[in-house]
Amino acid sequence: MKHVCALCGYVYKSEAGDPENGVAKGTDFEDISADWVCPLCGASKEDFDLVEDGDVNENDEF
């Protein structure tokens, strides 16, 4: 399962985290602070959808 921003399509990958915004590599989406926002568009965690891995067209630049 992956968490995908419903507004811009950013895919959060726990193995990569979001170090530029204080989320260490290996951090599960559920463990990210509630005030974290999408690094591409600023959407809140609530704007992310949980989708099956096969339903995500991942872009390596994320």
Side-chain angles (χ1 to χ4, degrees):
M1 300 298 277
K2 298 282 184 183
H3 290 85
V4 180
C5 179
L7 301 181
C8 74
Y10 171 82
V11 179
Y12 175 77
K13 300 176 185 175
S14 61
E15 63 272 10
D18 183 16
E20 293 180 8
N21 294 296
V23 180
K25 293 179 182 179
T27 303
D28 290 333
F29 188 81
E30 294 78 14
D31 295 330
I32 298 173
S33 170
D35 63 351
W36 176 83
V37 296
C38 176
L40 294 184
C41 72
S44 71
K45 268 183 77 174
E46 295 173 356
D47 292 316
F48 278 72
D49 296 320
L50 184 62
V51 298
E52 296 282 339
D53 288 341
D55 293 341
V56 178
N57 183 13
E58 294 187 43
N59 183 333
D60 286 339
E61 62 187 73
F62 293 139

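Atoms considered below: every heavy atom in the structure, side chains included; atoms not considered: hydrogens, waters and symmetry mates.
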On a heavy-atom basis, which atom in V37 and which in S44 lie closest, and how many Å separate them? CG1-CA, 4.4 Å

side-chain contact (heavy atoms from CB on, under 4.5 Å) between Y10 and V4, worked out: CA-CA 6 Å; Y10 171 82; V4 180; over 6 Å; no

To the nearest 0.5 Å, how far apart are SG in C38 and NE2 in H3? 13.5 Å

Residues in side chain to side chain donor-acceptor pair (under 3.5 Å) with D49, at least two apart? none

Might you point out which heavy atoms bring P19 and G17 nearest each other, and give the distance in Å? CD-C, 3.6 Å

Looking only at heavy atoms, which two atoms of Y12 and D28 are closest? And how far apart? CE2-C, 4.4 Å

Before giving the answer on side-chain contact (heavy atoms from CB on, under 4.5 Å), spell out for K25 and E15 the whole-Å C-alpha distance, their side-chain angles and the decisive distance to 0.1 Å. CA-CA 5 Å; K25 293 179 182 179; E15 63 272 10; over 6 Å; no

Please check if the number of heavy atoms outside E30 that lie under 6.0 Å from its CD is greater than 12. yes

Please tell me whether V51 and V11 are part of a single hydrophobic cluster in this structure, the criterion being side-chain heavy atoms less than 4.5 Å apart. yes

Of the non-hydrogen atoms in I32 and K45, which two are nearest, and what is the gap between them? O-NZ, 2.8 Å

Partners of D31 by side chain to side chain donor-acceptor pair (under 3.5 Å), sequence neighbours excluded? none

Quick check: is L40 connected to V23 through a chain of hydrophobic side chains (ILVMFWY, heavy atoms under 4.5 Å apart)? yes

Just wondering, do L7 and C41 contact through their side chains at under 4.5 Å, heavy atoms? yes

For E20, side chain to side chain contact (heavy atoms under 4.5 Å, CB included) partners two or more places apart: D18

Can you label the angle between the F29 ring and the F48 ring as parallel, tilted or perpendicular, going by 30° and 60°? tilted

